[in-house]
Enquirer: 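First the structure, then my questions, so here it is.
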There are 2 protein chains.
Amino acid sequence: MARKPADQSVSRQDILHAAAHVLQRNGYEATTMKDIAAEVNLTAASLYHHFDNKDALLLAVLEAGIEQILGEIEPIARSSRSSAEKLRRMIAAHIVSLTENTAVGAAMVFEIKSLVSDKSATGNGSKPDAASMIERREAFVARRDQFEDLFRFVVREGIERGEFRAVDVPIFVKTLLGAHNWVGVWYRPEGRLSGPEIADMMADTFLRALRRSHE
Amino acid sequence: MARKPADQSVSRQDILHAAAHVLQRNGYEATTMKDIAAEVNLTAASLYHHFDNKDALLLAVLEAGIEQILGEIEPIARSSRSSAEKLRRMIAAHIVSLTENTAVGAAMVFEIKSLVSDKSATGNGSKPDAASMIERREAFVARRDQFEDLFRFVVREGIERGEFRAVDVPIFVKTLLGAHNWVGVWYRPEGRLSGPEIADMMADTFLRALRRSHE
DNA sequence: AAATTAATCTAATCATGATTAGATTAACAG
DNA sequence: CTGTTAATCTAATCATGATTAGATTAATTT
């Protein structure tokens, strides 16, 4: 314990935020330690004082992102409202998060591929934390799955309750989340519509798609 | 002109297909010339006999992808069917392309960012074809926009004709395309559903979302 | 004020991946 | 056959970006 964040001295959080921005802007592979460092006025080398390596840093961003959204979505999914109301709120929460928590959201989605794939493939007995890093990745993927499950749960529940028409739940949810994720790609704060407005429209679209035929 | 594709000798097309696969699997930045070369049993150096450089090669993949899909979608959009029928067919064509033409489709979507962004930014007076490469990128982006426009056109037309309820067209189309693009990420040939089946379901979802209130 | 630790920096070092240079081999033209 | 060009290869070369090593500076503690 030393030094007080008087004015200088970058915090772990500052770095995570910076990294999230760069990540959303450039994507996983194209994000360099230097880019991140620049956003907080540090040199790339200095980042290693805060994080073990690039993967650990970027994974931390994704973890923060997932946790943040799960924290918003889960309570809604478990609440006692109608399935329709829950779904509408979950959609709104996700989209608004995606547009506000810029970093977090966008990063979360598109970079999973880079993370999950190869690396430390077959014979890797080198680095000490290699194992923990693998565990963290798996944990992240698991959380990501949980997130998707919450939507599946609510849609399925709505069908069982007779609130929604019968749809192929997995596909419907993929459709829904694909649309959401894409928002992170095209959304611009200066754009014509605000996050909540976009969220409303998208919720309308999907809730109408779930309406029982008659009406 | 020399040598006949007796059995050996890789064609430009072979390379494009290979590149498309790798591209879809790893993403733009993570795709290496070596990866691509390996898929066609060549060395990375050999690829330069067929393409000027990595960007030119990958851009060629994206170009082929856009042209292929535009070629399918455009005739449908211009046909004289009902807007609903046109939209249904366009959705199906896009999704099936995305699942079959693997490479093409998936690549097309997620890698635009990597292509459009930075590079050859400010002062670049070096390479001879630097200019043409920039033009090609812009042309690609323009084609990508045309693609989106076709969907906007049909949705707008359907609203004007009274076939669809009034929706915010740009947002609705982003929603639609986001859902489509995402298919390229999760679809697996060995999966539970075929491309056409998925396409049907997604078309249902979006066409229902466009239904006029009463019915 | 001295010792200790945090937070940074600059200057290497390393690894990877793109691109180039210089053969080599084989099908083709004449 | 003999010269020419296509298609490849192997062995550099270069550039970039991650990571490490060795100071340096500034709070913190005692």
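Within every chain, numbering begins at 1; the chains are lettered A, B, ... in the order of the sequence lines, protein sequences first and strands thereafter.
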Enquirer: Taking it one step at a time, do B:F151 and B:V169 satisfy side-chain contact (heavy atoms from CB on, under 4.5 Å)?
Expert: CA-CA 9 Å; B:F151 279 93; B:V169 178; over 6 Å; no
Enquirer: Before accepting this row, confirm whether a basic side-chain N of the pair A:R143/A:E63 lies closer than 4.0 Å to the acidic partner's carboxylate O.
Expert: no
Enquirer: Considering every strand and a 4.0 Å limit on heavy-atom distances, what is the contact class for A:T32: base, sugar-phosphate, or nothing?
Expert: sugar-phosphate
Enquirer: Examine distances only and state if a side-chain atom of A:S46 and a backbone atom of A:L42 form a donor-acceptor pair shorter than 3.5 Å.
Expert: no
Enquirer: Regarding A:D35, tell me which of base, sugar-phosphate or nothing describes its non-hydrogen contacts under 4.0 Å with the strands shown.
Expert: nothing
Enquirer: Verify the distance criterion only: is there a donor paired with an acceptor across the side chains of A:S132 and A:E135 at less than 3.5 Å?
Expert: no
Enquirer: Please determine if a side-chain N or O atom of B:K34 lies less than 4.0 Å away from the OP1 or OP2 oxygen of C:dG17.
Expert: no
Enquirer: Output yes when at least one side-chain N/O atom of B:H50 is less than 4.0 Å from OP1 or OP2 of D:dA6, else no.
Expert: no
Enquirer: What is the distance from CG of B:L47 to P of D:dC9, rounded to the nearest Å?
Expert: 9 Å
Enquirer: Nearest to the A:A45 side chain among C:dT10, D:dA7, C:dT8, which nucleotide is it?
Expert: C:dT10
Enquirer: Atom OH of B:Y48 to atom P of C:dA21: distance rounded to whole Å?
Expert: 13 Å
Enquirer: Taking only the side-chain heavy atoms of A:T43 (C-beta and beyond), determine which of C:dT10, C:dT8, D:dT19 contains the nearest atom.
Expert: C:dT10
Enquirer: Atom CD1 of A:I15 and atom C1' of C:dA7: how far apart are they, to the nearest Å?
Expert: 10 Å
Enquirer: Find the distance A:M33:CE to C:dT13:P and express it as a whole number of Å.
Expert: 21 Å
Enquirer: Rounding to an integer number of Å, can you tell me how far A:H49 NE2 sits from D:dG22 P?
Expert: 18 Å
Enquirer: Using a cut-off of 4.0 Å on non-hydrogen atoms, how would the nucleic acid contact of B:S11 be classed: base, sugar-phosphate, or nothing?
Expert: nothing
Enquirer: Tell me: CE of B:M133 to P of C:dT19, nearest whole Å?
Expert: 11 Å
Enquirer: Given D:dC9, is OP1 or OP2 found less than 4.0 Å from the side-chain N or O atoms of B:S46?
Expert: yes
Enquirer: Would you mind telling me which of C:dT20, C:dT19, D:dA21 lies closest to the side-chain atoms of B:A44?
Expert: C:dT19
Enquirer: Looking at the side chain of A:K54, which of D:dA18, D:dT8, C:dT8 is the nearest nucleotide?
Expert: D:dA18
Enquirer: Within this structure, what is the CG-to-C1' distance between B:L42 and D:dA6, rounded to whole angstrom?
Expert: 13 Å
Enquirer: Evaluate salt bridge (charged side-chain N to carboxylate O under 4.0 Å, His left out) for A:K174 paired with A:E148, printing each intermediate quantity in order.
Expert: CA-CA 8 Å; A:K174 291 280 190 203; A:E148 190 162 343; 3.1 Å; yes
Enquirer: May I have the distance from B:E29 (atom CD) to C:dT16 (atom P), rounded to whole angstrom?
Expert: 18 Å
